[in-house]
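As a basis for the values below, the full set of heavy atoms in this structure was taken, side chains included, without hydrogen atoms, waters or symmetry mates.
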Number of protein chains: 2
Amino acid sequence: MDSRRYTIQDIARAAKVGVGTVSRVLNDDPNVKDSTREHVQSVIERLGYQPSFAARSLRTQKSQTIGFIADAVATTPYAVHLIKGAQDAAWNQGKLLLVIDADNDPKLRERALESMLEREVEGIVYAAMFHQEVNLPDSFQQIPTVLVDCFDPHSHFPSVVPDEVQGAKLATQTLIRHGHKRIGHIANDRLDIVYPAPRLRFEGYKQALSDAHIDFDPTLMCESDGNALSGAQCALELIALADPPTALFCGTDRIAMGVYDALKEQGLSIPEDISIIGFDNQEIIAAYLNPALSTIALPHYEMGQWAIDYLLSGSTTNIQELVSCPLVKRASIGLKA
Amino acid sequence: MDSRRYTIQDIARAAKVGVGTVSRVLNDDPNVKDSTREHVQSVIERLGYQPSFAARSLRTQKSQTIGFIADAVATTPYAVHLIKGAQDAAWNQGKLLLVIDADNDPKLRERALESMLEREVEGIVYAAMFHQEVNLPDSFQQIPTVLVDCFDPHSHFPSVVPDEVQGAKLATQTLIRHGHKRIGHIANDRLDIVYPAPRLRFEGYKQALSDAHIDFDPTLMCESDGNALSGAQCALELIALADPPTALFCGTDRIAMGVYDALKEQGLSIPEDISIIGFDNQEIIAAYLNPALSTIALPHYEMGQWAIDYLLSGSTTNIQELVSCPLVKRASIGLKA
DNA sequence: ATTCAATTTGGAATCGATTCCAATATTAGA
DNA sequence: TCTAATATTGGAATCGATTCCAAATTGAAT
C-alpha cells in the first residue's frame with residue numbers, strides 16, 4: 001500500500017501546468033490544446049493518479065451513486081436479477097449502487113433513506129421482492145425515487161411492474177397453439193388476496209381463451225393456496241373431471257412442482273398425457289424438474305434496468321411501466337394428441 | 001424537494017455558536033457544555049440538518065463505505081444471503097456497501113476494483129458464488145480485501161469458506177443417530193474436479209462412518225455429474241444393490257431432487273423406506289419437495305458477516321476461516337426400521 | 001507589423017465538513 | 001477576591017477536486 005495518493009496539485013506540478021488544465025484534461029474538456037492534453041495524460045498515467053471522489057462530489061454536488069433499497073432481499077432468489085439489472089444500467093452511466101436491505105421493516109426503511117440522503121445519492125430505487133402495493137413514507141418525496149416490482153396506490157412515484165396479464169395470456173396462447181382446448185388454470189393464490197398477481201394472471205388466461213373463441217369453463221379453474229401441496233390437490237381435482245384438461249397453466253412454478261408430483265403419482269406422463277406451463281421461471285425448480293418446465297419468466301433484470309434508466313433520464317412523470325414477460329421454452333409442453 | 005440543504009455554517013449561525021462547536025456536537029465530542037450541546041442539537045433538529053458525506057470524507061479521508069465485488073451473482077440464489085450478512089454487519093458499524101457484480105470476467109473485476117479505489121472504499125469483500133479457488137490480480141493487494149466462499153492458493157488474502165467436512169460429517173452422523181448403518185453417498189460431482197466441495201463432503205462422510213465404527217463400503221458411494229438426472233441414476237444403482245442402503249446422503253439438494261424422482265418411481269417412500277439428507281439448503285427445492293428435505297445449510301449469511309467484521313477489525317493475518325454448516329431438519333429422515 | 005478575435009492557460013475561490021490553536025469562560029483553592 | 005488550572009469556544013486552515021475570470025498566447029486579417 002503506497003503511503004499517500006497523488007493529488008491534482010502533484011500532477012499539475014509534475015506536468016508543469018496549472019491545476020485547472022489538469023482538471024480540464026480529466027473531464028475531457030475540449031478547450032485544451034491536443035499537445036497539452038497528451039502530455040498531461042501521460043503524467044497522469046505514469047504516476048497512476050486517481051482523482052478523489054470525495055473532493056469531486058463535494059465540489060460538483062453529485063455523488064455518482066444511486067441508492068438501492070430492497071425489501072427482504074433474502075427471501076427471494078429473484079433479488080439478484082433485480083440488482084444485477086440495476087447495477088449494469090448504473091455502471092453504463094458511470095454510477096454505482098449503494099445497497100441496503102430494509103427487511104420489510106418500516107423503521108429500517110426510513111433509516112435506510114436517511115443514510116442515503118446523507119450520502120447524497122442521486123436517486124433511489126425501491127424494490128419489493130414480489131409484485132405488490134407499497135406505501136412509502138412521505139420522506140421519499142424529497143429525492144427522485146422509482147418503485148420496482150411494486151406500485152404506489154396514489155401514484156406518487158413512478159413504478160415498473162411485470163405485465164402479468166400479457167404473461168398469462170402468452171402462457172395460455174402457447175398451449176392453445178399446441179392444439180389444446182381444454183386448458184386448466186391453477187391460480188397461484190386465492191383471487192381475493194391483496195396481491196395482484198393471481199387476479200391478473202387469471203385475467204390473461206381468460207383473454208387468451210376468449211381471443212381463441214374458447215369458452216371459459218369455470219370447472220377448469222382452481223384456486224390454490226400458493227404452495228406446492230395445494231397445487232397438487234388442485235391438479236388431482238382437475239384430472240378427475242369428466243372431461244379433464246389436456247393442459248394445465250400453473251400460476252407459479254412452485255405450484256407446477258406440486259402438480260408434477262400429483263400427475264406422476266397418477267401415472268400420467270408429461271407432456272405426453274398432459275402439458276404443463278408454469279409462471280415465474282424459478283430456475284432452480286423449472287430447469288431441474290423432470291421434464292424441464294416451460295414457463296413464463298418474470299423480467300426482473302429488465303425491471304432493474306428500466307428503473308435506473310428512468311431515474312437517470314430525469315423524467316418526473318409518475319408513470320407505471322409494464323414490462324412484458326417472455327416465454328421460456330423447455331420440455332413440458334406437447335401437442336394435443 | 002427543498003432548494004438547498006443546510007450547511008454546518010447555517011447551523012452555527014442559527015445557534016449563535018462557532019462551526020467548531022457544531023462539529024463537536026455532531027461527533028459526540030465530550031468537550032462541549034451540556035447546555036450548549038442541547039441547544040445546538042435542537043437547532044439541528046429544527047432545521048433538519050444533515051451533514052454532507054462528501055465534505056466529511058474529504059476531510060477525514062474515510063468513506064465509511066465498503067466495496068462488495070460479487071462474481072456472477074445472478075447465477076445463484078445464495079448471493080442474497082451473502083450480501084445480506086455483509087450489509088447487516090456493515091450497517092452495525094455505520095458503513096454501507098457498494099455492490100458490483102463482476103460477472104466472473106477478469107477485466108470487469110479489475111475495473112470494479114478501480115471504481116472502488118476511486119471512491120476510496122475502506123476495504124473490499126470479494127465473494128465467489130460457490131466454494132472455489134480464486135486468483136485475484138495483484139492490484140487487490142493495495143487495499144484490505146477479504147475473500148468469501150473462495151480462497152487464494154497463495155494465501156495472499158484472508159478468506160472464509162464453509163466447513164464442508166464438518167457439514168458432511170453432521171449429515172452422516174444425523175443418519176447414524178437415526179439408526180442407519182447402510183448409508184449411501186452420492187457425491188455432488190466427480191471427486192477429481194477442481195472444485196473442493198465433492199472431495200471435502202466425501203471426507204466428512206467417511207469421518208462420520210469411521211467415528212461410528214462403520215466400515216466404509218465403496219459400493220455405497222456414487223459420483224454423480226452434479227445434476228438431478230445423474231443423481232437419479234446413482235440412486236437407482238444404489239437401491240439395486242444386494243444389500244441396499246437404508247439412507248442416502250446426497251451431495252447437494254439438487255441431486256436429492258433427482259433422487260426423490262427415482263425413488264418415487266420405484267415405489268419407495270421417503271422416509272419410511274429410505275431416509276434422505278441433502279446439502280446446501282436451497283430453500284426453494286428443499287422446503288417444497290415432498291416430503292420436505294432435511295439438509296445441511298451453507299452459512300452464507302454468516303460468511304458475509306464474518307468478512308465484514310474481519311475487514312473492519314483491522315487484522316492483517318491471512319487466515320482461512322471455516323464456518324460450520326448447521327443441520328436444517330425437515331421431514332425426509334426417519335428411524336431405521 | 002499591427003490589430004482584434006479566438007484559443008488556451010493559470011490560479012484564486014469554492015464546496016462543507018474536521019481539527020487545531022489561541023482566546024475566553026469557568027471553577028477550585030487559598 | 002485573586003490566581004491558576006481547567007473547561008469550553010471561535011474560527012482559520014485544511015482536505016482535493018471544479019469553475020470561473022483574467023491573463024497570456026495564438027492565429028487571421030489587414
Side-chain angles (χ1 to χ4, degrees), chain A residues 2-41 43-44 47-65 94 114-115 117-122, chain B residues 2-41 43-44 47-65 94 114-115 117-122:
Chain A
D2 41 8
S3 53
R4 219 181 45 77
R5 304 164 41 128
Y6 291 108
T7 74
I8 201 172
Q9 331 281 342
D10 298 328
I11 304 302
R13 203 171 317 118
K16 298 192 200 310
V17 299
V19 289
T21 303
V22 178
S23 177
R24 265 165 246 138
V25 170
L26 286 173
N27 294 285
D28 288 319
D29 185 319
N31 298 326
V32 183
K33 220 205 295 181
D34 282 352
S35 58
T36 316
R37 175 189 310 284
E38 274 169 40
H39 172 226
V40 173
Q41 264 320 351
V43 173
I44 287 176
L47 299 186
Y49 162 75
Q50 277 190 327
S52 147
F53 226 80
R56 178 175 288 172
S57 36
L58 172 58
R59 181 60 234 243
T60 61
Q61 307 284 28
K62 297 208 160 289
S63 64
Q64 306 283 19
T65 304
E114 237 170 82
S115 288
L117 285 177
E118 229 181 9
R119 283 161 192 257
E120 288 150 302
V121 297
E122 297 179 14
Chain B
D2 41 10
S3 53
R4 217 180 48 77
R5 302 164 42 124
Y6 292 108
T7 74
I8 201 173
Q9 332 280 345
D10 298 329
I11 304 302
R13 203 172 316 118
K16 296 193 200 311
V17 298
V19 289
T21 302
V22 178
S23 176
R24 266 165 244 137
V25 169
L26 286 173
N27 293 284
D28 287 321
D29 185 321
N31 299 324
V32 183
K33 219 205 296 184
D34 283 351
S35 59
T36 315
R37 176 190 308 286
E38 273 169 42
H39 172 226
V40 173
Q41 246 355 323
V43 173
I44 287 176
L47 298 187
Y49 161 76
Q50 278 189 326
S52 147
F53 225 80
R56 178 175 288 172
S57 36
L58 172 58
R59 181 61 233 241
T60 62
Q61 307 284 28
K62 297 207 160 287
S63 63
Q64 305 285 16
T65 303
E114 238 170 81
S115 290
L117 285 177
E118 227 180 11
R119 284 161 192 257
E120 288 150 300
V121 297
E122 297 179 15

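- Non-hydrogen atoms lying under 4.0 Å from DNA chain C are contributed by A:Arg24, A:Asn31, A:Val32, A:Lys33, all within residues 24-33 of chain A.
- Residue B:Ser57 is out of contact with every strand shown, counting any heavy-atom pair closer than 4.0 Å.
- A donor and an acceptor atom never sit less than 3.5 Å apart when one is taken from the side chain of A:Arg56 and the other from the base of D:dT18.
- Across all strands shown, B:Lys16 has heavy atoms under 4.0 Å from sugar-phosphate atoms exclusively, and none from any base.
- Checking B:Leu58 against B:Arg37, the closest nucleotide of DNA chain D that is more toward the 5' end is the one next to B:Arg37.
- A:Ser23 comes within contact range of at least one nucleobase, with a heavy-atom separation under 4.0 Å.
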What pairs of donor and acceptor atoms, side-chain ones from residues 53-62 of chain B against any protein atom, are under 3.5 angstrom apart with sequence neighbours left out?
| from | atom 1 | to | atom 2 | distance (Å) |
| --- | --- | --- | --- | --- |
| B:Ser57 | OG | B:Phe53 | O | 2.7 |
| B:Thr60 | OG1 | B:Arg56 | O | 2.9 |
| B:Thr60 | OG1 | B:Lys62 | N | 3.3 |

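- Between A:Gln9 atom CD and C:dT14 atom C1' the separation is 13 Å, expressed in whole Å.
- At whole-Å resolution of the value, CZ in B:Phe53 and C1' in C:dG16 are 14 Å apart.
- Atom pair B:Ile8:CD1 and C:dT19:P shows a separation of 11 Å (rounding to whole Å applied).
- No side-chain donor-acceptor contact under 3.5 Å links A:Arg24 to the backbone of A:Asn31.
- Distance, A:Glu120 CD to D:dA17 P: 18 Å, rounded to whole Å.
- Comparing B:Thr21 and B:Thr60 by the nucleotide of DNA chain D whose heavy atom lies nearest to each, the residue mapping closer to the 5' end is B:Thr21.
- Summarising the geometry, the separation between CZ on A:Arg119 and P on C:dG16 is reported as 18 Å, rounded to the nearest angstrom.
- One finds a side-chain N or O of A:Gln61 lying less than 4.0 angstrom from the OP1 or OP2 phosphate oxygen of C:dG16.
- The separation between A:His39 atom NE2 and C:dG10 atom C1' is 16 Å, rounded to whole Å.
- Side chains of B:Val40 and B:Val17 form a contact here, defined as non-hydrogen atoms less than 4.5 Å apart.
- Each of B:Arg59 and A:Val19 lies near DNA chain C, and the nucleotide nearest A:Val19 is the one positioned closer to the 5' end.
- Side chains of B:Leu26 and B:Ile44 form a contact here, defined as non-hydrogen atoms less than 4.5 Å apart.
- Look at CD1 on B:Ile11: it is 17 Å from C1' on D:dG10, rounded to the nearest Å.
- Side-chain contact between B:Tyr49 and B:Ile8 is present, with heavy atoms from C-beta onward closer than 4.5 Å.
- Within the structure, a side-chain polar atom (N or O) of A:Tyr49 is placed less than 4.0 Å from OP1 or OP2 of D:dA17.
- Across every non-hydrogen atom of A:Arg119 and B:Thr65, the tightest pair is NH1-OG1, 2.7 Å.
- One atom, CG of A:Asp34, and another, C1' of C:dT8, lie 12 Å apart when rounded to the nearest Å.
- Expressed to the nearest 0.5 Å, how far CZ of A:Arg5 lies from OG of A:Ser52 amounts to 6.5 Å.
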